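To start, the structure under review is shown below, and the notes come after it.
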There are 2 protein chains.
Amino acid sequence: MSYITDQILESLREARARKGFSQRELSARSGVPQSHISKIESGGVDLRVSSLIALARVLDLELFVAPKKSVPAIKSIIRSAKGHDEDEEQVTPAYSLDGDADE
Amino acid sequence: MSYITDQILESLREARARKGFSQRELSARSGVPQSHISKIESGGVDLRVSSLIALARVLDLELFVAPKKSVPAIKSIIRSAKGHDEDEEQVTPAYSLDGDADE
DNA sequence: AATATTGATATGTTTTAACACATCATAGAA
DNA sequence: TTCTATGATGTGTTAAAACATATCAATATT
């Protein structure tokens, strides 16, 4: 059903949303085609590690492995890192308002 | 040079050694061919996430992504989880001593 | 010396992710 | 409505992982 972990999938989706990137923008930044990103995010692809890392990089995420027993502690850290921001690269689309603004 | 992260590579190698598995044994348990494991551990292969997860499972590791900023904290957790054992599945080969011992 | 185990390599085949496209329906904005 | 951006989907091609299998040079082990 899903080659990849739910945790990873969710983190990818969530991080992209957090940054305000569209799939196309993430594609442009990571080099991974938008069509792939769509498939990846829907869990239908057994992607290669390099692709996953490429996406993670752009999203300010890092991929790694940890002993199963330390997973709960790690998840709690991740959870707490989630709220506080401090550094959130929101990218502010801020009204492109391009060209003629005759109105 | 290496498609995969050093952290991941090292964790894989280290976890296998810790368990006392040979590459062949890890192969039998994970379903990933020994020849692959060799390539993977030497960093010469851009493997698929499913393979990585398969290996990690057998080694009692878990793969995931975390925000870059929380990496230091996580690494320290992993480090501390490393020494204390408590649950170490050493597998003790303990002398196969099989069959005829006529000598 | 003979045997077994380890990790590293090699070859040939099959499978499939990654790619470049292009298209489509939906939803918002002009 | 028209235009644009989004995410999802499809097709054909190519590069490469995954596979089975076999071999090899070092170490152990007997």
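Reminder, nothing fancy here: chain letters follow the sequence lines and each chain counts from 1. From a predicted model like this one, the values you see are computed outputs, not experimental measurements.
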Between [N] ([atom2]) and [X] ([atom1]): distance, integer Å:
X: B/D46; N: C/dA18; atom1: CG; atom2: P; answer: 8 Å
X: A/F21; N: D/dA5; atom1: CZ; atom2: P; answer: 17 Å
X: B/Y3; N: D/dA17; atom1: OH; atom2: C1'; answer: 10 Å
X: B/H36; N: D/dA22; atom1: NE2; atom2: P; answer: 16 Å
X: A/K39; N: D/dG7; atom1: NZ; atom2: P; answer: 16 Å
X: A/E41; N: D/dT9; atom1: CD; atom2: C1'; answer: 15 Å
X: A/R24; N: C/dC21; atom1: CZ; atom2: C1'; answer: 12 Å
X: B/L26; N: C/dT6; atom1: CG; atom2: P; answer: 12 Å

May I have the step-by-step check of side-chain hydrogen bond (donor to acceptor under 3.5 Å, both in side chains) for B/S38 and B/Q34, ending in yes or no? CA-CA 6 Å; B/S38 172; B/Q34 179 267 326; 4.9 Å; no
Do [X] and [Y] have side chains that approach each other closer than 4.5 Å (heavy atoms only, starting at C-beta)?
X: B/V65; Y: A/T5; value: no
X: A/F21; Y: A/L59; value: yes
X: B/K75; Y: A/E62; value: yes
X: A/R16; Y: A/L12; value: no

Taking the side chain of [X] as its heavy atoms from C-beta onward, which of [options] lies nearest to it?
X: B/V45; options: D/dA17, D/dT23, C/dA18; answer: D/dA17
X: A/Q34; options: C/dA20, C/dA17, D/dT9; answer: D/dT9
X: A/L47; options: D/dA8, C/dT16, C/dA18; answer: C/dA18

With distance as the sole test, does B/Q23 use its side chain to make a donor-acceptor pair with the main-chain N or O of B/S35 at under 3.5 Å? no
Please check this pair: side chain of A/S22 against backbone of A/E25, looking for a donor-acceptor N/O pair closer than 3.5 Å. yes
Is it the case that C/dC21 (base atoms only) and A/S35 (side chain only) share a donor and an acceptor within less than 3.5 Å, ignoring hydrogens and angles? yes
Is a donor-acceptor pair below 3.5 Å formed from side chain B/Q23 to base C/dA8, judging by atom type as modelled?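 It does not, because no donor-acceptor pair links the side chain of B/Q23 to the base of C/dA8 below 3.5 Å.
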At under 4.0 Å, does any side-chain N or O of B/S38 touch on OP1 or OP2 of C/dA8? yes
Please determine if a side-chain N or O atom of A/S22 lies less than 4.0 Å away from the OP1 or OP2 oxygen of D/dT6.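 Yes, A/S22 has a side-chain N/O under 4.0 Å of OP1/OP2 on D/dT6.
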Can you confirm whether A/R57 is buried at CZ, in the sense that more than 12 heavy atoms of other residues, nucleotides or ligands lie under 6.0 Å from that atom? no
For atom CD of A/E14, decide whether the heavy atoms of other residues, nucleotides or ligands shown that lie under 6.0 angstrom number more than 12.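 Counting other residues, nucleotides and ligands, CD of A/E14 exceeds 12 neighbours.
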For A/S51 against A/V32, the heavy-atom pair lying closest together: O-CG2, 4.4 Å
Tell me which residues in residues 5-16 of chain A put a heavy atom below 4.0 Å from DNA chain D, sorted by number, or none.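 Contacts with DNA chain D under 4.0 Å: A/R16.
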Axis-to-axis angle across the helix from C/dA1-D/dT30 to C/dA30-D/dT1, five pairs an end, to 10 degrees?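 Axis angle across the helix from C/dA1-D/dT30 to C/dA30-D/dT1, nearest 10°: 40°.
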